[in-house]
Amino acid sequence: MIFTTVHVWVKPEHVEDFIKATKANHEGSTSEPGNLRFDVIQDLADASRFILYEVFESKDAIEEHKKTPHYLKWKTEVEPWMARPREGVPHSPVYPKDRSAW
């Protein structure tokens, strides 16, 4: 499993646009066979900061995700709304490692 935290900084005037576009990406992503989790969370202190918390079964599943129409549409749509480039940080699980514990 690969866990990725994607840190996103959105221009304040596009926060609602970003939320709407990201909801569609979330819905598409959670229907992918290699996706185990796809959460969208918003900073309480700064409503223009978000984290996408993504869990995929493998590198191959991530690569397939990046080819999907919903991801490609999202990426193109939200890019002009970014206050700075998004940053994805991949992680590996420590505990629980076994998928059956999820």
Side-chain angles (χ1 to χ4, degrees):
M1 286 185 291
I2 299 172
F3 298 66
T4 303
T5 53
V6 181
H7 300 264
V8 182
W9 296 265
V10 178
K11 295 173 185 173
E13 64 271 21
H14 290 291
V15 166
E16 291 306 316
D17 299 322
F18 176 81
I19 290 171
K20 182 179 176 184
T22 303
K23 180 179 185 240
N25 186 41
H26 159 82
E27 290 170 349
S29 298
T30 57
S31 69
E32 294 174 39
N35 179 264
L36 303 174
R37 188 159 195 99
F38 195 102
D39 298 338
V40 180
I41 55 179
Q42 187 175 29
D43 190 315
L44 287 174
D46 180 352
S48 66
R49 291 193 61 195
F50 296 84
I51 293 176
L52 308 183
Y53 178 73
E54 307 172 3
V55 183
F56 285 90
E57 288 183 340
S58 64
K59 287 182 182 182
D60 289 341
I62 293 170
E63 291 307 312
E64 289 304 311
H65 165 69
K66 291 179 179 180
K67 297 175 189 174
T68 61
H70 57 268
Y71 171 76
L72 294 171
K73 179 181 181 198
W74 175 83
K75 182 180 171 186
T76 301
E77 189 172 17
V78 302
E79 191 167 354
W81 304 335
M82 300 285 170
R84 65 191 230 200
R86 66 188 189 284
E87 296 174 6
V89 181
H91 306 274
S92 62
V94 174
Y95 183 80
K97 267 194 181 225
D98 191 303
R99 184 176 175 192
S100 67
W102 281 63

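Just so you know, these numbers come straight off a predicted model, no measurement behind them.
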S.K.: Is it the case that one hydrophobic cluster holds both Trp9 and Ile41, taking links as side-chain heavy atoms less than 4.5 Å apart, direct or via other members?
M.R.: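 No, it is not one cluster - the side chains of Trp9 and Ile41 are not joined through contacts under 4.5 Å.
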S.K.: Roughly how far, to the nearest 0.5 Å, is CG of Leu36 from OG1 of Thr30?
M.R.: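 One gets 11.5 Å once the value is rounded to the nearest 0.5 Å.
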S.K.: Ile2 and side chain to side chain contact (heavy atoms under 4.5 Å, CB included): which single residue from His91, Glu57, Lys59 fits?
M.R.: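 The side chain to side chain contact (heavy atoms under 4.5 Å, CB included) with Ile2 is passed solely by Lys59 among His91, Glu57, Lys59.
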S.K.: Look at atom NZ of Lys73 and say whether more than 12 heavy atoms of other residues, nucleotides or ligands are closer to it than 6.0 Å.
M.R.: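 No, because the 6.0 Å sphere around NZ of Lys73 holds 12 heavy atoms or fewer from other groups.
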S.K.: Rounded to the nearest 0.5 Å, what separation is found between the OG1 atom of Thr4 and the CD1 atom of Ile51?
M.R.: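 One gets 12.5 Å once the value is rounded to the nearest 0.5 Å.
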S.K.: To the nearest 0.5 Å, tell me how far Thr22 OG1 sits from Glu77 CD.
M.R.: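 Result: 8.5 Å between the selected atoms.
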S.K.: Does a side-chain N-to-carboxylate-O contact under 4.0 Å join Lys23 and Glu27?
M.R.: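 Here Lys23 pairs with Glu27 in a salt bridge, since their nearest N and O are under 4.0 Å apart.
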S.K.: So do Glu64 and Asn35 actually touch side chain to side chain, heavy atoms under 4.5 Å?
M.R.: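 A side-chain contact is absent here, since even the closest heavy-atom pair is not under 4.5 Å.
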S.K.: In Å, rounded to the nearest 0.5 Å, how long is the span from NE2 of His70 to NE2 of His26?
M.R.: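 Separation between the atoms: 10.5 Å.
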S.K.: Mind checking what makes ring-ring contact (aromatic ring centres under 6.0 Å, His included) contact with Phe3, not counting sequence neighbours?
M.R.: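 With neighbours one apart ignored, the set is Trp102.
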S.K.: Not counting sequence neighbours, which residues clear side-chain hydrogen bond (donor to acceptor under 3.5 Å, both in side chains) with Arg49? List them please.
M.R.: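 With neighbours one apart ignored, the set is empty.
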S.K.: Show the numbers, then the answer: is there a side-chain contact (heavy atoms from CB on, under 4.5 Å) between Arg37 and Met1?
M.R.: CA-CA 11 Å; Arg37 188 159 195 99; Met1 286 185 291; over 6 Å; no
S.K.: Share the residues that join Val6 in a hydrophobic cluster, the rule being Ile, Leu, Val, Met, Phe, Trp or Tyr side chains under 4.5 Å apart at the heavy-atom level.
M.R.: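 Its cluster partners, ordered by chain and number, are Val8, Val10, Val15, Phe18, Ile19, Phe38, Val40, Phe50, Leu52, Tyr71, Leu72, Trp74, Val78, Trp81, Met82.
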S.K.: Return the minimal non-hydrogen interatomic distance between Glu87 and Arg84, and the atom names on each side.
M.R.: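 In this case the closest contact between Glu87 and Arg84 is OE2-NH2, 3.8 Å.
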